[in-house]
Amino acid sequence: MTHLDAYNRPISYLRISVTDRCNLRCVYCMPPEGVPWRPHEEILRYEEIEIVVRAAAELGISKIRLTGGEPLVRLGFVDLVRMLARIPGIDDLAMTTNGILLSRYATALAEAGLRRVNVSLDTLRPERFHRITRLGRMEDVLAGMEAARRAGLEPIKINTVVIRGMNDDEVVDFARKTMKAAWNVRFIEMMPVGNGVLADGGWRERVVTGKEIRQRIEAALGRLEPAKVSAGNGPARYYRLPEAKGTIGFITPISEHFCYRCNRLRLTADGQLRPCLLSDQEIDLRTPLRQGADVAQIKTLLLKGIEVKPMQHHLDEWKRPENRVMSEIGG
Ligand code: SAM
Ligand code: SF4
């Protein structure tokens with residue numbers, strides 16, 4: 001049975017960061033030199049993650065998303081997927097990836113029991129892709145998306161963080177993509193979590209609101225009609241252009257927060273349960289796990305996390321998380 005938190009929200013979703021490491025250095029997420037990686041022994045082992053997921057499943061959490069850092073850089077990641085896919089009660093197992101290594105692993109992931117992927121792609125221009133991610137090649141991501149489609153990891157959702165002066169001139173190009181192909185593009189408002197362009201303190205000026213993006217798309221391509229995407233019940237609101245094959249979603253943590261319908265908990269790569277992405281409150285699961293805690297004991301800690309989940313974030317009061325960067329929490 002799904003548990004309700006103190007504000008009557010059913011908690012049905014756990015996001016797990018499986019590593020803090022990444023093969024890219026996106027400007028809104030990391031500084032150019034990266035962040036110091038945590039030593040291996042601080043990162044939860046796959047067997048430990050499995051215990052947490054078993055406990056979560058027994059509490060009615062049926063949806064798991066694996067994220068990072070970049071999940072595909074962790075050795076043996078396909079084995080983790082296989083372990084988690086077998087757990088009774090988990091009926092949606094998904095991953096968020098930057099897509100760079102996806103073409104190599106898509107088939108194996110689908111065979112291991114992964115259901116679908118979200119791929120991050122902030123630009124459709126190869127040269128700009130390199131400027132935003134600092135290390136990557138856009139062609140690899142597109143090949144990864146194609147491999148995921150062929151492997152049946154669908155619906156594929158594309159996450160696009162929109163940053164003024166960096167890629168906001170492409171929102172119409174992304175929207176146009178949804179006309180002919182079944183792309184599900186989700187525009188995300190940039191949050192003040194991380195480094196890079198945010199370090200100069202100018203993040204607010206860089207945020208492009210969902211409303212502004214929508215206006216730009218409608219001015220160029222016509223009215224957006226509300227739409228449904230078959231999998232997931234996350235924070236995005238979906239729309240469709242007339243006759244379009246794909247959809248356009250908006251994730252608006254800054255301009256129109258969705259905390260009142262938040263259904264999730266998060267687990268950091270080093271084993272801290274985080275009831276809210278944007279609050280520094282954490283419950284240590286790694287220490288008890290290493291002292292031999294079983295599923296029942298972890299369930300008690302997860303319940304505590306559900307109990308203390310805050311009502312909403314406080315970015316509007318300029319309060320931002322202090323103790324973590326995005327790659328450790330997993331977005
Ligand atoms: N490396 C994987 C990827 O990029 O998809 C998974 C981890 S990444 C932290 C998860 C998501 O968070 C990505 O879609 C990324 O674009 C988004 N993200 C990272 N930093 C962000 C920020 N400051 N504001 C909004 N979204 C952010
Ligand atoms: Fe890596 Fe994802 Fe952060 Fe980009 S957003 S640096 S791909 S963790």
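As the structure is a prediction and not an experimental result, all values here were calculated from the model. Numbering of ligands and ligand atoms starts at 1, following listing order.
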> Output yes when the distance from some N or O of ligand 1 to some N or O of Glu189 is under 3.5 Å, and no in every other case.
no
> Within less than 4.0 angstrom of ligand 1, does Gly69 place any heavy atom?
yes
> Any nitrogen or oxygen of Asn159 lying under 3.5 Å from a nitrogen or oxygen in ligand 1? Just yes or no.
yes
> Within the structure provided, determine whether Leu44 and Leu285 are in side-chain contact (heavy-atom separation under 4.5 Å).
no
> State whether the shortest distance between N or O atoms of Asp122 and N or O atoms of ligand 1 falls below 3.5 angstrom.
no
> Answer whether the closest heavy-atom distance between the side chains of Ile64 and Asp92 falls below 4.5 Å.
no
> Under a plain distance cut-off of 3.5 Å, with no hydrogens placed, do Asn184 and Thr247 share a side-chain donor-acceptor pair?
yes
> Calculate, to the nearest 0.5 Å, the distance between atoms CZ and CG belonging to Arg128 and Asn167 respectively.
6.5 Å
> Give the cluster check for Met311 versus Leu277: same hydrophobic cluster or not, with ILVMFWY residues linked at side-chain heavy-atom distances below 4.5 Å.
no
> Would you list the protein N, O or S atoms within less than 2.8 Å of atom 1 (Fe) of ligand 2, leaving out water?
Cys22 SG
> Any N or O of Thr67 that comes nearer than 3.5 Å to an N or O of ligand 1?
no
> Is there a side-chain hydrogen bond (donor to acceptor under 3.5 Å, both in side chains) between Glu70 and Asn23? Walk through the geometry before answering.
CA-CA 7 Å; Glu70 173 50 37; Asn23 46 359; 5.7 Å; no
> Just checking, is any N or O donor in the side chain of Thr252 or Glu189 under 3.5 Å from an acceptor N or O on the other one?
no
> Relative to the heavy atoms of Glu70, which atoms of ligand 1 are at a distance of less than 4.0 Å?
1 (N), 2 (C)
> Are side-chain heavy atoms of Leu241 and Met179 found at a separation under 4.5 Å?
yes
> Where do Arg65 and Thr96 land on the side-chain hydrogen bond (donor to acceptor under 3.5 Å, both in side chains) test, with the steps shown first?
CA-CA 7 Å; Arg65 175 169 297 279; Thr96 298; 3.0 Å; yes
> Taking atom 25 (C) of ligand 1 as the point of reference, which of Arg206, Arg21, Met191 owns the nearest heavy atom?
Met191
> I want to know if ligand 1 touches Arg15 in the polar sense, i.e. an N/O pair below 3.5 angstrom.
no
> Just jot down the ligand 1 atoms closer than 4.0 angstrom to any heavy atom of Tyr28, in number order.
16 (O), 18 (N), 19 (C), 20 (N), 21 (C), 23 (N)
> How would you list all residue pairs meeting salt bridge (charged side-chain N to carboxylate O under 4.0 Å, His left out) that involve residues 175-186, not counting sequence neighbours?
Asp173-Arg176
